[in-house]
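Nothing here was measured: the structure is a model prediction, and the numbers come from that model.
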Amino acid sequence: MASSLKALLVEDIKVDSMVLSFMLRRFNCEVTLAKNGKEAVDMFLEGNKFDIVLCDKDMPIMTGPEAVMKIRAMGATDVKIVGVSADDNAMEAFMSAGADDFVPKPMRLDVLGPMIEEVINRKNN
């Protein structure tokens, strides 16, 4: 894995944020944290670019699917957005909002790895 990816992790629960950050760093990702959907949207509004976004569903101020919809509406189509939630009904909410993928919590390295590889391959081609 030559180039490091810029990852945005949108998660309001500190322990989940720490675990997912650790996993992303294992794949040489440069991790930026947002505590809710509004912070994530603001980062895109400020012109920040990310290769992959991992986004929780239920957060204060703005939910994950709301944030995904707003980020996609800004024209951010080249970023891979992955919804992450323990909620069984979250997949539909994320996919209809414009997410590329959905992973149930808890996230596993063997699931995250192929996603990171896909983004690296897309970036390098």
Side-chain angles (χ1 to χ4, degrees):
M1 291 183 212
S3 62
S4 71
L5 297 180
K6 289 183 178 290
L8 175 60
L9 175 57
V10 191
E11 173 62 71
D12 62 321
I13 299 170
K14 192 159 182 65
V15 71
D16 288 354
S17 181
M18 289 168 60
V19 169
L20 284 167
S21 291
F22 174 77
M23 287 183 176
L24 287 164
R25 288 191 185 99
R26 293 243 340 236
F27 293 105
N28 298 325
C29 291
E30 181 185 314
V31 182
T32 302
L33 300 174
K35 289 189 285 297
N36 59 59
K38 183 180 182 325
E39 283 185 16
V41 169
D42 288 347
M43 287 180 190
F44 276 89
L45 284 172
E46 291 163 9
N48 292 294
K49 300 268 188 232
F50 299 98
D51 300 301
I52 187 167
V53 176
L54 296 184
C55 190
D56 185 31
K57 179 176 177 269
D58 297 316
M59 297 175 286
I61 303 171
M62 185 186 294
T63 68
E66 285 178 280
V68 171
M69 202 176 297
K70 290 180 185 295
I71 290 166
R72 289 296 192 216
M74 283 183 241
T77 55
D78 53 344
V79 60
K80 181 171 182 76
I81 301 179
V82 181
V84 183
S85 179
D87 179 352
D88 291 339
N89 302 315
M91 178 190 258
E92 188 180 321
F94 273 110
M95 300 312 274
S96 62
D100 297 298
D101 222 328
F102 174 79
V103 178
K105 281 183 181 176
M107 171 71 82
R108 296 188 341 251
L109 281 173
D110 64 326
V111 173
L112 183 59
M115 289 182 181
I116 298 292
E117 285 174 31
E118 175 197 323
V119 174
I120 289 170
N121 290 338
R122 196 170 62 200
K123 189 177 177 181
N124 291 339
N125 292 333

Original post:
How about Arg72 and Val79: do any of their side-chain heavy atoms sit closer than 4.5 Å?
Top reply: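 Yes, side chains in contact.
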**OP:** Check whether any side-chain heavy atom of Val41 lies under 4.5 Å from a side-chain heavy atom of Ile71, and answer yes or no.
**Re:**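 Val41 reaches Ile71 side chain to side chain.
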Might you point out which heavy atoms bring [X] and [Y] nearest each other, and give the distance in Å?
| X | Y | result |
| --- | --- | --- |
| Ala40 | Val10 | CB-CG2, 3.6 Å |
| Lys80 | Val119 | CD-CG2, 3.4 Å |
| Gly83 | Ala99 | N-CB, 4.5 Å |
| Pro65 | Ala97 | O-CB, 3.3 Å |
| Val68 | Gly98 | CG1-C, 3.7 Å |

**OP:** Give a yes or no answer on whether the side chain of Asp100 reaches the backbone of Val82 with a donor-acceptor pair at less than 3.5 Å.
**Re:**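 Flag not set: sc Asp100 to bb Val82 has no pair under 3.5 Å.
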Salt bridge (Lys or Arg N to Asp or Glu O under 4.0 Å) partners of [X], counting only residues at least two apart:
| X | result |
| --- | --- |
| Glu30 | Lys6 |
| Asp58 | none |
| Asp12 | none |

Between [X] and [Y], is there shared hydrophobic-cluster membership here, with clusters defined by ILVMFWY side-chain heavy atoms closer than 4.5 Å?
| X | Y | result |
| --- | --- | --- |
| Val111 | Leu109 | yes |
| Phe22 | Val15 | no |
| Val84 | Ile116 | yes |
| Met107 | Leu33 | yes |
| Val103 | Ile52 | yes |

With [X], which residues qualify under side chain to side chain donor-acceptor pair (under 3.5 Å), at least two apart?
| X | result |
| --- | --- |
| Asp51 | Lys123 |
| Arg25 | none |
| Thr63 | Glu66 |

**OP:** Tell me, with the steps shown, if Leu24 and Leu112 meet side-chain contact (heavy atoms from CB on, under 4.5 Å).
**Re:** CA-CA 8 Å; Leu24 287 164; Leu112 183 59; 4.1 Å; yes
Keeping to residues at least two apart or across chains, list the ring-ring contact (aromatic ring centres under 6.0 Å, His included) pairs with something in [range].
| range | answer |
| --- | --- |
| residues 103-125 | none |
| residues 40-93 | Phe44-Phe50 |
| residues 75-125 | none |

Can you run down the side chain to side chain donor-acceptor pair (under 3.5 Å) pairs that involve [range], sequence neighbours left out, and say none if there aren't any?
| range | answer |
| --- | --- |
| residues 83-96 | Lys57-Asp87 |
| residues 33-45 | Lys38-Asp42 |
| residues 105-115 | Glu11-Lys105, Asp16-Lys105, Asp56-Lys105, Arg108-Asp110 |

Original post:
Roughly how far apart are Asp101 CG and Met91 CE, rounded to 0.5 Å?
Top reply: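 Output value for this atom pair is 7.5 Å.
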**OP:** Starting at CG of Leu45, measure out to CE of Met43 and round the result to the nearest 0.5 Å.
**Re:**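 Answer rounded to 0.5 Å: 11.5 Å.
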